[in-house]
Amino acid sequence: MILPMHMGALHPFEQVLTLVLAFGPFLLLAAVIVLRRRQDVHEDQRDR
């Protein structure tokens, strides 16, 4: 049986990097969706 070896606590920089890599893509996607919806609403109002 192979047991994973714990390498100790993460350095603060590594913690930040882990959070950015874990949640960054979702935050970027949310920002893109919000911006596109605003553009679509603006275009719809302009067309009326």
Side-chain angles (χ1 to χ4, degrees):
M1 179 177 193
I2 298 174
L3 296 174
M5 297 181 68
H6 192 279
M7 297 179 67
L10 293 177
H11 188 272
F13 174 75
E14 293 171 327
Q15 289 177 340
V16 170
L17 183 61
T18 301
L19 290 174
V20 168
L21 290 174
F23 297 109
F26 297 105
L27 295 174
L28 180 62
L29 177 61
V32 169
I33 290 172
V34 167
L35 290 174
R36 287 299 301 162
R37 285 186 179 173
R38 285 184 183 173
Q39 288 176 350
D40 290 343
V41 168
H42 180 68
E43 288 176 4
D44 287 344
Q45 289 177 352
R46 190 184 61 192
D47 291 340
R48 289 184 186 175

> If you measure from CG on Leu19 to CD on Glu14, what distance do you get to the nearest 0.5 Å?
Replying inline: 12.0 Å
> Is the closest basic N to carboxylate O distance between Arg36 and Asp40 below 4.0 Å?
Replying inline: yes
>> Could you walk me through whether Arg46 and Glu43 satisfy the side-chain contact (heavy atoms from CB on, under 4.5 Å) test, starting with their C-alpha distance in whole Å, then the side-chain angles of each, then the deciding distance to 0.1 Å, before giving a yes or no?
In response: CA-CA 5 Å; Arg46 190 184 61 192; Glu43 288 176 4; 4.1 Å; yes
> Which value, rounded to the nearest 0.5 Å, describes the distance between Thr18 atom OG1 and Phe13 atom CZ?
Replying inline: 9.5 Å
